[in-house]
Each structure stands twice: as C-alpha cells, then as structure tokens.
Amino acid sequence: MKKNKISRYLTLLFTICLFMACHEDNDNNIYSIDLQGTPDTYETLNASDKLEIPIKITCEAGLKKAFYKIATQKPEEDIKIGSAVDIPVSGYVLDTTITIPVTTDLHSIVFAVYDNNDQINTRTVRIESVKEIPVISFKDDIREKKTVCIGIPFTLSGKVESEYELKNISVVPIVNDQESNSIPVELTDKLSANYSVSVPVVKGLQHVLVKAENIYGGIAMATFHILNVVNTDFIEVSLEGNVTELKRIIKGETNLVSGTVSSGSDITSFKYAIKKKGALGSFAEATLTENMGNEAKFSFPVEGDEGVEAVEVEITNQGGKTITVDYKIPALRTRVAFLENVEMSTDPADNKCFLALYEKTPVFGVSTALEKQNRIDFYLANKGSGVQPLSPHAYGAGTAYYNASLPYIKGFTELTYAYLSSRRGKLIKEEFDNIVTENELDELLEYRIIGPKPDGEGYGIKTASRRVGDTFNTSSKKDGGFIIGWGSHTHPTVSPVVVRNNSFAIVWVKSVTQKANGHYVMVFDVKYPVADQRAANNTASIQPYEPYPL
C-alpha cells in the first residue's frame with residue numbers, strides 16, 4: 001500500500017512538472033482526451049511488447065499542438081522524463097494511435113494537448129510493473145541450416161532462460177508460411193531449460209520458431225532459418241569462421257583445424273590427409289564431437305612443417321554419398337610476439353621508464369637504459385597533464401620535449417629512432433585481440449590504418465615523421481591503441497625530412513593511473529614481429545646535438 005501511495009505521488013508530481021514545462025494550467029477545459037478504453041494503470045506489461053494507445057479528441061476551438069512524454073524509472077533511481085514527442089494535429093479532430101515500445105524501466109506516459117485558446121488537457125497512463133520475457137538461444141549461436149533433406153529430420157537444440165517461471169516451450173516448423181504441428185518441450189527446469197527437438201523435414205519448410213511463455217504471459221520467439229530443402233541425400237562441410245583456406249597454419253606448431261559437418265543421412269566416416277611437397281599422405285579419422293548422427297563438429301591437427309600445402313577431407317554418409325574437399329594452405333605463418341599487461345612508469349624510482357621489446361627483460365630503468373641505449377624503442381615521460389611515449393630521437397624536438405626527456409636520458413650518447421602514432425580511432429580492441437600471426441598484423445594495418453577511406457584512415461604510417469605518441473591521461477585518454485614503427489629517419493636538423501618506416505607493432509593501452517607523487521603508471525598489451533626489428537633498424541640513431549646537450 002505504501003509503495004502505491006508513493007507511486008501515485010510521483011506520478012502527480014511528474015504531471016505537475018509537465019504542466020509547468022508547458023504552460024499554466026487552465027481548469028476551464030471544454031474538451032477531453034479520449035484514450036478509447038485504455039486503462040489509467042496497467043498492472044503488468046511484458047518487456048519488448050508494443051503498447052498501442054488510441055487517442056481521440058474533438059475540440060470546438062481547434063487543436064493547436066499535441067505531444068506525449070515517456071517517463072522511465074530504474075530501481076532505486078529517480079524518475080527520468082524524456083523529450084516531448086509531437087503528435088501531428090490540424091483542424092478540430094485528432095484520431096490516431098500511438099505505439100510505445102515497452103522497456104523494463106517504463107514508468108508512465110503523459111499526453112498533453114493545447115487548443116487554439118491555449119487551454120491544455122493531459123492524460124496519464126501509469127505502468128505498475130514490467131516483466132522480463134524469456135531469453136531464447138540456439139546451440140553455438142547458430143541460427144540457420146544451409147541444407148536439409150525431405151524425410152530426414154534434424155535436431156534443433158538450445159536453451160531458454162527466464163527471470164520468472166516458464167509455463168511452456170514449443171518448437172513450431174513453418175511450412176509454406178503456415179505453422180505446422182507444434183512440438184512441445186518438457187520442462188525439467190522452469191528457469192533455465194535446455195531443449196533438443198527432432199524437427200521433421202517436409203517440402204516447403206522455411207524456418208522453425210522456438211516459442212517460450214512465462215507465467216505472466218510474457219512470450220518470446222526466436223527463428224531458426226532453413227536456407228535450402230532438397231529431396232536427395234547430401235553432405236555439407238564448413239570450417240570454423242566459414243573460411244575456404246587454412247590461412248592460419250603456424251610454423252613449428254600443431255594447428256587444430258575445426259568446423260562442422262552435416263548430412264542428410266548419418267555420417268559414417270570423416271577422414272583427412274595432409275598434402276606435403278606435392279604428395280598426399282595417408283588418411284586418418286578426424287575427431288567428431290557433439291555427434292548427432294547426421295550432424296557433428298570435427299577437428300584434426302595439422303603440423304606447421306615446411307612444405308605443407310593442403311589438407312584433403314573425405315566424408316561418407318549412410319546413404320552411400322561421398323564428398324572430397326581440398327583446403328589450400330597458402331603459406332606457413334609466424335605467430336606474433338605478444339606481451340600482456342606490460343607495466344611502465346614515468347617515475348625513475350620505479351625502474352620502469354624504458355621499453356625495448358627485443359630485450360629479454362623489455363622494461364627497465366635509467367641505469368640499465370644507459371647500458372642498452374641502442375636497444376630502446378621508447379620511454380615514458382611525465383608531461384604534467386599525462387604520460388607520453390617518446391622516441392629518444394625526438395628528445396630535441398623543442399624545449400618542452402628536451403626538459404621532459406632529461407630525467408630519463410641524461411648522459412646518453414646514442415638516441416634510437418622509433419615511429420610512434422597518436423591514439424588511432426580505427427585501431428579497435430576486438431581487432432587487436434584477433435591478431436595471431438604476422439601477416440594478420442600487416443593486413444590489419446594495411447586495411448584499417450593505411451588503406452583509403454572509408455575502410456581505413458588513409459594514414460601514411462610508412463612515411464610519416466612522428467616520433468612522439470599521444471599524451472594519455474586518467475580521464476579522456478586512459479585507454480586505446482597506437483602504433484610503434486621501426487625504420488629510418490633523417491637527422492632532426494636536416495631538411496627535407498625523409499622517413500621510411502619498415503615494420504610495425506600495435507599497442508593497446510589498458511589503463512593509466514596517477515601516483516600520489518604525480519607520476520603516472522601505464523599498463524598495455526603489445527603485439528609485434530618475432531624477428532629483431534630494433535637490430536635491423538638502428539641506422540637512424542643519432543648523437544646528442546646542440547643546443548640540447550645530454
């Protein structure tokens with residue numbers, strides 16, 4: 001009871017606010033807002049429903065404007081009032097239907113109408129509660145089947161989860177745009193139910209609906225699509241990711257190749273053989289898992305040996321059908337070097353100011369840096385407002401850089417060059433995580449950064465003269481990706497500048513924090529070529545020069 005009083009009070013307060021935001025109220029209204037039987041209060045609605053509210057008004061003075069506002073309220077938070085949504089009006093009569101999407105935080109809808117005398121009328125529709133509908137998922141998030149065969153059923157599996165108890169789950173084949181016989185699912189767990197149903201295949205099968213209803217009448221539906229129905233037996237095989245070549249066979253490693261195979265009749269054999277230096281090896285049985293007879297997952301190993309060219313698979317089913325598929329291996333790949341959670345600091349006392357990726361211990365302090373001057377890729381400098389990666393080559397780019405660099409490179413006699421990009425918007429975390437091999441690293445940079453817009457930024461990292469990174473901070477630039485490059489750069493005092501950056505690494509900054517003494521700590525991941533790019537690209541190293549003595 002107390003909760004209902006509070007709700008009514010909040011609704012009243014909301015309506016008063018609406019009046020104040022619109023116009024002074026006038027109690028002498030001579031027209032009304034007819035919501036055509038819509039109740040003032042809905043006790044329960046289901047999320048993802050569409051609330052259709054018919055609205056009809058007849059006004060002798062003529063209608064000037066009308067609108068509605070939606071109020072939302074999350075648990076333990078205040079009511080939030082959305083912007084006004086105009087309802088087109090003209091003349092003396094308004095007769096329309098407003099459709100409101102039902103969300104879990106929907107609190108109320110207030111309608112407001114002005115006539116030509118600036119008299120205002122309002123109506124409020126209150127929603128007491130919104131119930132979550134069940135969530136339906138398919139096994140492995142596969143939402144379609146390429147081919148099925150008439151007369152041979154297939155198994156559809158997945159899971160239904162619900163905040164409220166489930167009332168029923170059913171699987172309904174759709175044949176020629178009509179629902180076929182519903183297949184009920186037994187409920188052993190009314191909050192989290194797995195389903196696995198044998199679906200008959202007939203001519204005209206288009207898709208399969210999975211329906212789930214909770215005890216509050218909340219109904220969810222998900223569609224599993226059938227792309228092709230045939231009347232003869234078949235075998236289909238696809239590699240993980242729907243690739244057609246084995247582009248990620250890594251040199252010196254055992255590479256697991258996996259995918260799915262489906263068939264009209266049950267699969268009786270799945271064999272594979274490796275083609276190496278023009279000769280096909282002996283066949284071996286692949287491993288089948290989650291085997292449902294006519295559908296399974298498969299996997300087999302491929303050694304990353306010199307001369308490996310392709311893999312041939314041979315599959316036979318119970319109906320006597322056999323297919324052979326060749327998967328080319330375009331080249332052996334090299335896995336990128338990968339360092340995770342690298343921690344560096346601008347505080348010399350932490351001994352973490354310098355990075356040299358090709359050293360056994362890649363992060364070190366000032367004393368070690370003096371001994372390894374020709375191995376350094378960059379150091380972190382405290383810029384006051386944040387932390388900035390700097391190439392030693394850029395120490396004399398100006399007085400500000402010189403002063404920021406002195407605490408780290410005082411006494412240096414050799415200053416290495418590295419290209420350092422700003423934080424790149426086209427370098428995103430998901431793509432960073434997906435890079436496994438060196439060729440994928442090259443392709444990412446070519447497509448996303450170097451490539452012409454809109455696919456890439458058109459950013460010329462191969463010839464760009466940039467020796468300082470972004471100034472990262474604890475707020476607006478506390479994470480993001482940037483690029484390291486190794487190559488050649490003319491002396492800073494020589495004009496014109498000639499640059500050739502030969503190879504690259506990608507960095508993903510995970511966090512930037514500030515210590516009590518004002519220094520900064522940066523944590524990042526980095527992926528880079530295995531071969532020592534620092535040793536191959538030290539020709540641009542310089543000695544300290546005037547007027548910037550070290």
Is it true that Tyr379 and Tyr395 have ring centroids separated by less than 6.0 Å?
no

Could you give me the CA-CA distance, side-chain angles and deciding distance for Phe283 and Tyr272, then say whether ring-ring contact (aromatic ring centres under 6.0 Å, His included) is met?
CA-CA 5 Å; Phe283 279 89; Tyr272 72 98; 8.2 Å; no

Electrostatic pair Lys429-Asp479, nearest N-O below 4.0 angstrom
no

Looking at CD of Glu440 and CG of Asn434, how far apart are the two atoms once the value is rounded to the nearest 0.5 Å?
8.5 Å

Ser263 versus Asp266, side-chain donor and acceptor atoms under 3.5 Å:
no

Under the salt bridge (Lys or Arg N to Asp or Glu O under 4.0 Å) rule, what pairs show up with a residue in residues 251-264, not counting sequence neighbours?
Lys251-Glu306, Glu253-Arg335

Are the charged groups of Arg375 and Asp532 less than 4.0 angstrom apart, N to O?
yes

Any cation-pi pair here, Lys527 with Phe432, using under 6.0 Å and within 45°?
yes

Restricting to ring-ring contact (aromatic ring centres under 6.0 Å, His included), what partner residues turn up for Phe234, sequence neighbours left out?
none

Assess, by modelled atom type and distance only, whether the side chains of Ser258 and Glu240 contain a donor and an acceptor separated by less than 3.5 Å.
yes

With rounding to the nearest 0.5 Å, note down the distance linking NZ in Lys247 to CD in Glu443.
7.0 Å

Parallel, tilted or perpendicular: which one describes the rings of Tyr419 and Phe504, with boundaries at 30° and 60°?
perpendicular

When you check the gap from the basic side-chain N to the acidic O, do Lys297 and Glu290 get nearer than 4.0 Å?
yes

